[in-house]
Amino acid sequence: MEQSLGQDSVPGFGSFDKSRVLDVRPLRRLVPVFPSASSSSSFSTPQGAAPFVCASPAGPFPPGVSPFFPFYISAESQRPSEQNQQTPGGVGNQNTPFVFNNPISNAVPINSFRTPPSSTARVTPNQYTGSSNGDTTQSRRITRSRAQPQSQSGIAEEDGFNTSVTDGENTRKGGRSKGKFQSHKRTRGGQDINVALPDVDVDAIVDNILTSYTDTFRHADGNKESVGYALMFYDLLRRRITQLEEMKEKIPGASRTGRPDLRAGTLFMNKGIRTNTKRRIGAVPGVEVGDIFFFRMELCLVGLHAPTMGGIDYMGVKNSTEDEPLALSIVSSGGYEDSVEDANVLIYSGQGGNASNDNRNNREMKDQKLERGNLALEKSLHRSNDVRVIRGLKDVSNPTGKVYVYDGLYKIHESWVDKGKSGCSVFKYKLVRLPGQPEVFTIWKSIEQWKVETTTTRVGLILPDLTSGAENLPVSLVNDVDGEKGPAHFTYISSLQYSKPVNLTESSAGCTCIGGCLPGNSNCSCIKKNGGFLPYTANGLLVNQTPLLHECGLSCQCPSNCRNRVSQGGLKIRLEVFKTKDKGWGLRSWDPIRAGSFLCEYAGQVLNISGVEELGGDYEDDYIFDATRTCEPLGVLPGDSTETPKVPFPLIISANTAGNVARFMNHSCSPNVFWQPVLRENKNESDLHIAFYAVGHIPPMTELTYDYGLVPHEKAYQRKKVCLCGSVKCRDSFY
DNA sequence: CGCTGTCAGCGGTAT
DNA sequence: ACCGCTGACAGCGAT
């Protein structure tokens, strides 16, 4: 496997096919184009925070611009390193599941299941108890579901959910929510009439997910796949509901207290789009230590922590004599006076003691009692069972939100009663992290340090900012694997460069939203082009993948901070280029990333099509982005548009001599990032860009990868690369 | 900007 | 019926 890798000019790097550069002819060598001082203005960042820096590798350099770090490839560092398979989604996650000799192995909940509303009844675990523990079925199931095309509506038979798909028009109301899941009360306050469109739309989406992925969720035990899908679709739906909610906000008198997170969560819970419904002590299949979440509801959906608010999850477990409550998991989120400074020890406060049952803001306190969660923790101390710990931290990117980090298994070592600030007694529990688990909190704290220390003593740091200030944020360059000092030299540019304008087939006038484009503004031409929706949520998340995203651009009158210009705002996430174990250089993030976040665009030089057509078989460029390749759509709701990207013209980009962080993103067959063509409104020119977004939530220090795609018809000179992504879905090779 | 108050919400357990 | 380490936002005071 690996020897073939060594032949590449830049070994280990996921090189692009040099062939697929369209069905074309020669083109011996592209004349390198270096940004000139005059051209730089068009690339300046909107905020003007960081000046655009450009320089030819050899200079001369504009005043104030220091020479770019001289990258070079050292010959001896090229040897591919050992077969260290990187598991997606984990910093040094060994794939070895965390197994302990747990005396309480087969815990079964007292009330394992409440019967879901009629239609979901068949998802009850009882029906699957025969299938033993789902773990062994993993590989089989995965191959299956992959082959299963989306929105195949034929499977509905046993579900009773007819794939009534998006009936384009919203026949709101009526009793039609009948039989389905009228169980939850969706009568939010005085909401009425205007809610029609969203409601129906949402129901159809959920039905579609279920019918398309029904097999994925039909097991009491989860796995990586079912957890991944549940989370991905959950947030997709949540973003969609957010988008729909926003539109009706314009309507006077409408309540603004819609909670898309709860709404999406209830739908999923009721429909059975969830995993690990059997509650258990210890590790949860498919959830890895270090995984992150942004809503409490997500913890419920994957079976990590059931209460939607409560900090302690527990369940009755048969003892020799009786049922006793045992603690399953806790969320430490700052609500009480916990002590969290140590990465391996957590002092957790018991629950209760907040007087005044109705109004929680009543400041008076009471003594806590040894009941509910407190009692369970006490019992768990004596039974010495594993307790899952989820740490709730402040989310840097979203000050109002929190990020929940699964920190693995702990044991309770001691308990005592303390006096809280109010003078009332509070139960305290000392939890100690089990050894042998991947580091999580330690890494988060290190990253915090790296951000504040300018002169960090971090091992393997080569450059604090390889962009030399070209981006809003520095991008560090790190190698803690071998002696290589950096990737081959290239010029850092922060955006795409067209050598000559591409004419537009239809002219674009741009929008006239002086104050910025707002959802529900049916007059905005840009919103119209996006099917009537603003494609981003208020905090800048892409709602869903679309064949072609229309952003505002030069010909629009909206300001640079318009919500419909997300991909133009430069980096928002702290990234770092690092040396991977066996795939050359790669890209990863310091910040936790929310699903739908914009990461970066693919910067480089747009190749002239007519020139590319001259291309022969031996054109050497490992940094080609070819927008004409096909990819399985990702981050798309079944029933939504599942079309593959629709680019107005065959865009091919080379980041060989000049590019940005995107050129370091490796290929994976189970990517956590997808790309999306973005067309910016620009008078008579076609201002097409390629932007990257997160498929799901991505923990810090996880390698960012996207699917390089497939070539429709392989040519003789096209060379496949051996794929080392390590995914269970791996196609073994890529272009 | 950061803190605090507000309040509708939900799955779950207890009764 | 009751409980609770939500989450988004409005309103406030400090910087």
Side-chain angles (χ1 to χ4, degrees), chain A residues 109-117 181 183-191 238 241-242 245-246 249 254-270 274 277 279 293-317 323-340 346-363 366 368-369 371-377 389-396 398-405 420 426-429 537-539:
Chain A
I110 339 180
N111 260 348
S112 58
F113 270 62
R114 76 158 156 204
T115 322
F181 46 69
S183 64
H184 75 288
K185 42 216 165 207
R186 47 167 57 158
T187 60
R188 286 188 310 293
Q191 287 291 5
R238 188 194 61 80
I241 293 175
T242 305
E245 281 296 295
E246 277 182 342
E249 237 164 65
S255 135
R256 77 278 186 275
T257 340
R259 286 271 304 261
D261 58 320
L262 297 182
R263 184 86 180 286
T266 312
L267 286 168
F268 273 36
M269 295 292 276
N270 288 338
R274 54 185 294 191
T277 40
R279 303 175 53 217
F293 308 84
F294 288 88
F295 293 93
R296 285 292 298 266
M297 203 48 110
E298 294 174 335
L299 305 178
C300 302
L301 288 175
V302 301
L304 196 59
H305 186 88
T308 48
M309 295 184 177
I312 306 169
D313 192 10
Y314 59 99
M315 100 187 160
V317 176
D323 248 15
E324 66 176 356
L326 293 184
L328 309 178
S329 55
I330 58 165
V331 176
S332 172
S333 196
Y336 289 74
E337 302 161 24
D338 297 344
S339 165
V340 295
L346 173 66
I347 309 295
Y348 192 77
S349 308
Q351 63 188 186
N354 301 317
S356 194
N357 39 3
D358 200 29
N359 241 353
R360 293 178 278 281
N361 45 6
N362 231 336
R363 267 294 160 259
K366 293 191 297 197
Q368 290 187 348
K369 294 191 206 129
E371 57 181 19
R372 298 173 181 275
N374 300 348
L375 180 60
L377 286 167
V389 169
I390 299 106
R391 292 181 186 254
L393 308 172
K394 234 168 75 174
D395 180 14
V396 282
N398 193 20
T400 141
K402 273 181 185 156
V403 56
Y404 297 97
V405 187
V426 176
F427 285 94
K428 295 281 185 178
Y429 300 89
T537 65
N539 50 359

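From a predicted model like this one, the values you see are computed outputs, not experimental measurements. By convention in this document, chain letters (A, B, ...) are assigned in the order of the sequence lines, proteins followed by strands, and residues within each chain are numbered from 1.
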Spacing of A/R279 atom CZ relative to B/dG12 atom C1', expressed in whole Å: 7 Å
Nearest heavy atoms of A/P260 and A/E245, plus distance in Å: CG-CG, 4.2 Å
Separation of atom CE in A/M297 from atom P in B/dG11, rounded to whole Å: 5 Å
Reference residue A/P307; test side chain to side chain contact (heavy atoms under 4.5 Å, CB included); the match among A/I312, A/D313, A/L299: A/D313
Sugar-phosphate, base or nothing in reach of A/F295, heavy atoms under 4.0 Å: sugar-phosphate
Euclidean distance, atom CE of residue A/M269 to atom P of B/dC10 [Å, nearest integer]: 12 Å
Sugar-phosphate, base or nothing in reach of A/G352, heavy atoms under 4.0 Å: sugar-phosphate
Secondary-structure string, 5' to 3', Watson-Crick or G-U under 3.5 Å, | for another-strand partners, for DNA chain B: ||||||||.||||..
Any residue meeting side-chain hydrogen bond (donor to acceptor under 3.5 Å, both in side chains) with A/D338, in chain and number order, not counting sequence neighbours: A/S332, A/S349
Test ring-ring contact (aromatic ring centres under 6.0 Å, His included) applied to A/Y336 - qualifying residues, sequence neighbours left out: none
Rounded interatomic separation in angstrom, taking CE from A/M315 and P from B/dA14: 13 Å
Gap between atoms CZ and P, on A/R259 and B/dC7 respectively (whole Å): 15 Å
Test side chain to side chain contact (heavy atoms under 4.5 Å, CB included) applied to A/Y404 and A/D395, A/I390, A/L304, the passing residue: A/I390
Distance, rounded to the nearest Å, where A/N354 contributes CG and C/dC2 contributes C1': 14 Å
Donor-acceptor pair under 3.5 Å, A/S333 side chain vs C/dC5 base: no
DNA chain B: 5'-proximal contact among A/T308 and A/K394 (nearest heavy atom): A/K394
Residue pairs involving residues 297-310 of chain A (criterion side chain to side chain donor-acceptor pair (under 3.5 Å); sequence neighbours excluded): A/R296-A/H305, A/E298-A/H697, A/H305-A/S329
Sugar-phosphate, base or nothing in reach of A/D338, heavy atoms under 4.0 Å: base
Pairwise 5' ranking along DNA chain C for A/V331 and A/G401, keeping only the more 5' one: A/V331
Side-chain N or O of A/T400 closer than 4.0 Å to phosphate OP1/OP2 of C/dA8: yes
Distance below 4.0 Å between A/T266 side-chain N/O and B/dC10 OP1 or OP2: yes
Any A/K402 side-chain nitrogen or oxygen under 4.0 Å from OP1 or OP2 of C/dT6: yes
A/Y348, nearest nucleotide to its side chain (from B/dG12, B/dC10, C/dC5): C/dC5
Separation of C/dC2 P from A/R372 CZ (nearest whole Å): 11 Å
Contacts of type side-chain hydrogen bond (donor to acceptor under 3.5 Å, both in side chains), residue A/S333, not counting sequence neighbours: A/K402
Non-neighbouring partners of A/R391 that pass salt bridge (Lys or Arg N to Asp or Glu O under 4.0 Å), sequence neighbours left out: A/D407
Sugar-phosphate, base or nothing in reach of A/G334, heavy atoms under 4.0 Å: base
Contact under 4.0 Å: A/Y429 side-chain N or O vs C/dC5 OP1/OP2: no
Nucleotide B/dC10, atom C1' - distance to CG of A/L299 in whole Å: 14 Å
Below 4.0 Å: OP1/OP2 of B/dG12 and any side-chain N or O of A/Y314: no
